[in-house]
Amino acid sequence: MPELPEVETVVRGLSRHIVGQKIKTIHVLTKTSFSGLPVHKSIGLLVKSVSRRGKGIIIELAKPGVARKGEDGSNSLSLLIHLKMTGQLIWVPPIRRRSKSYGGHQRLNFGHPTDDFTNSMPSRHTRVWFELTPKGAPSGQRHTNYLYFNDMRRFGWVKLTPTAEISKDKFFSKLGLEPFDKNFTPAFLYTAIQHRPKSNIKAIILDQTLVTGIGNIYSDEALFYAGIKPTRLGRSITKANTTKLVSAIKKVLTKGIKYSGTSINTHRTPEGSMGQMQNYLAVYDRKGQPCRKCKTPIIKIRVASRGTHYCPSCQL
DNA sequence: TGCCCCCTGCAG
DNA sequence: CTGCAGGGGGCA
């Protein structure tokens, strides 16, 4: 499901809702979805921040009372979360009796079968869920709000780890540059491409150790705007190609964030709403439909063992 | 540096 | 029924 824009959407939404909240309980319904330190280590900690690195989510926790800057860095814990293909993080405000919108956690149906995720929770796809209370508030039901980690295919994970050890984490330690980092320049990408002359350009930009956050949708989109056919080999990519590609990557990711991500399938905002980027895609999921630039039907092939969409006329 | 695999559910 | 799905780890 999630690439950088979808994860960014989730992170921004969660920041608004859970920063400053205290962890009251964590329920692990699927053992294999949770790893690292035992759950009880996090009970009573406050959510200090919610951030993103590539497609990974970091919820930093702090002990109440030692939240001053830099004071608890050595022993703070973080919840690391990866949504992989079908993960969701859905936040539900305190249940108010008589509330029709949230009573019994009943929510709107958004018209997709996988929305059993958001209709009633915990759902059959909920793997881990959290009960939170506002800092300083009584821990009664009246103030308790909920965060649900749903994951149909169970590829995703939640991991409780010391903040200081994130840099050693199997996933986080391998990530390359953020696409919006000032060091992600045409020169940087061109050099990297020179090291992989025999790889498809698509495979290169999907490599998270190089630049992180681009997945199957946004790689197809970026290559379209850069006018580059996804099967082109590294050795054939010019400096001019690279310059266009770097701006195209930033452009499509920015657009994806603007529209709260692509909800072709299971992506939802923490409030349970769909993203809208699926309505603005140039090539992804548009097999047989006319190119938005030249009307030529979009082609779907397989590149780097991923479904790959491109315009045979605009992309050379 | 490519493939198979993890898993569930949907479209064709 | 088969193949495919927005990710990435482990293995030649």
Side-chain angles (χ1 to χ4, degrees), chain A residues 1-10 29-33 35 52-57 80-89 111-117 123-127 149-159 169-176 192-223 230-231 233-235 252-253 255-257 259-269 274-281 283-288 300-309:
Chain A
M1 167 207 89
E3 303 177 33
L4 186 150
E6 290 73 34
V7 177
E8 182 66 24
T9 298
V10 169
L29 305 184
T30 302
K31 297 286 178 219
T32 51
S33 297
S35 65
R52 173 191 67 69
R53 182 77 175 88
K55 304 171 192 171
I57 296 168
L80 309 181
I81 303 177
H82 201 302
L83 304 174
K84 290 288 184 84
M85 297 285 268
T86 58
Q88 298 177 324
L89 284 169
H112 187 277
T114 54
D115 278 329
D116 74 88
F117 284 169
S123 79
R124 71 187 157 123
H125 294 122
T126 299
R127 308 303 174 188
F149 173 68
N150 303 326
D151 184 20
M152 181 177 78
R153 292 172 73 179
R154 294 193 242 156
F155 291 167
W157 41 260
V158 179
K159 183 175 178 182
D169 179 81
K170 174 166 292 174
F171 171 76
F172 285 92
S173 63
K174 294 178 186 166
L175 298 178
I193 290 172
Q194 300 320 297
H195 292 302
R196 300 187 57 177
K198 290 189 279 193
S199 298
N200 298 314
I201 185 62
K202 171 155 174 170
I204 295 174
I205 61 172
L206 282 174
D207 182 352
Q208 305 296 300
T209 68
L210 188 60
V211 52
T212 184
I214 304 167
N216 206 33
I217 295 177
Y218 297 95
S219 62
D220 283 5
E221 294 294 298
L223 289 166
T231 51
L233 299 187
R235 75 157 65 89
V252 297
L253 295 177
K255 195 169 168 184
I257 293 168
Y259 288 109
S260 301
T262 305
S263 289
I264 289 173
N265 228 311
T266 57
H267 167 63
R268 294 296 179 275
T269 70
M274 293 177 72
Q276 291 304 317
M277 183 61 189
Q278 65 277 13
N279 302 316
Y280 302 94
L281 296 174
V283 289
Y284 186 85
D285 203 30
R286 295 194 69 241
K287 178 185 174 183
K300 183 175 181 185
I301 59 173
R302 194 148 277 266
V303 179
S305 48
R306 317 292 299 276
T308 300
H309 311 72

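Proteins come first, then strands; the chains are lettered A, B, ... in the order of their sequence lines, and each starts at number 1.
- Both geometric conditions, a ring-centre gap below 5.5 Å and a plane tilt below 30°, are fulfilled for A/Phe155 over the base of B/dC6.
- With P as the reference atom, B/dC4 and C/dG3 are 13 Å apart, rounded to whole Å.
- The side chain of A/Lys170 lies closest to C/dG10 when the candidates are C/dG10, B/dT1, C/dA5.
- Stacking between A/Phe171 and the base of C/dG8 is absent under the criterion of ring centres within 5.5 Å and planes under 30 degrees.
- Contact annotation: A/His125 does not reach the phosphate of B/dC7 (side-chain N/O to OP1 or OP2, under 4.0 Å).
- The phosphate of C/dG8 has OP1 or OP2 within less than 4.0 Å of a side-chain N or O from A/His82.
- Between C/dG7, B/dG9, C/dC4, one nucleotide has an atom nearer to the side chain of A/Lys300 than all others, and that is C/dC4.
- Within the 3.5 Å criterion, the main-chain N or O of A/Met152 finds a donor-acceptor partner in the side chain of A/Arg127.
- Qualifying ring pair (Phe, Tyr, Trp, His ring centres under 6.0 Å) partners for A/Tyr259, counting only residues two or more places apart in sequence or in other chains: A/Tyr280.
- Side-chain N/O atoms of A/Arg153 include none lying less than 4.0 angstrom from OP1 or OP2 on C/dG7.
- For DNA chain C, the stems formed by at least three consecutive Watson-Crick or G-U pairs, with both atom-pair distances below 3.5 Å, span B:1-6 with C:7-12, B:8-12 with C:1-5.
- In this structure, CG of A/Leu83 is placed 19 Å from P of B/dC7, rounded to the nearest angstrom.
- Taking every side-chain heavy atom of A/Arg302 into account, C/dC4 is the closest of C/dG7, C/dC4, C/dG9.
- In terms of position on DNA chain C, the residue among A/Gln208 and A/Gly307 whose nearest nucleotide sits closer to the 5' end is A/Gly307.
- Here A/Arg124 reaches the OP1 or OP2 of B/dG9: one of its side-chain N or O atoms lies under 4.0 Å away.
- Distances shorter than 4.0 Å separate none of the side-chain N or O atoms of A/Thr86 from OP1 or OP2 on B/dG9.
- Separation of the P atoms belonging to B/dC7 and C/dG10 is 15 Å when rounded to the nearest angstrom.
- Phosphate contact (OP1/OP2 of C/dG7, side-chain N/O of A/Lys55, threshold under 4.0 Å): present.
- The shortest distance between the side-chain N/O atoms of A/Lys84 and the OP1/OP2 oxygens of C/dA5 is not below 4.0 Å.
- Separation of the C1' atoms belonging to B/dC6 and C/dC1 is 22 Å when rounded to the nearest angstrom.
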May I have the step-by-step check of side chain to side chain donor-acceptor pair (under 3.5 Å) for A/Asp151 and A/Thr86, ending in yes or no?
CA-CA 5 Å; A/Asp151 184 20; A/Thr86 58; 2.7 Å; yes

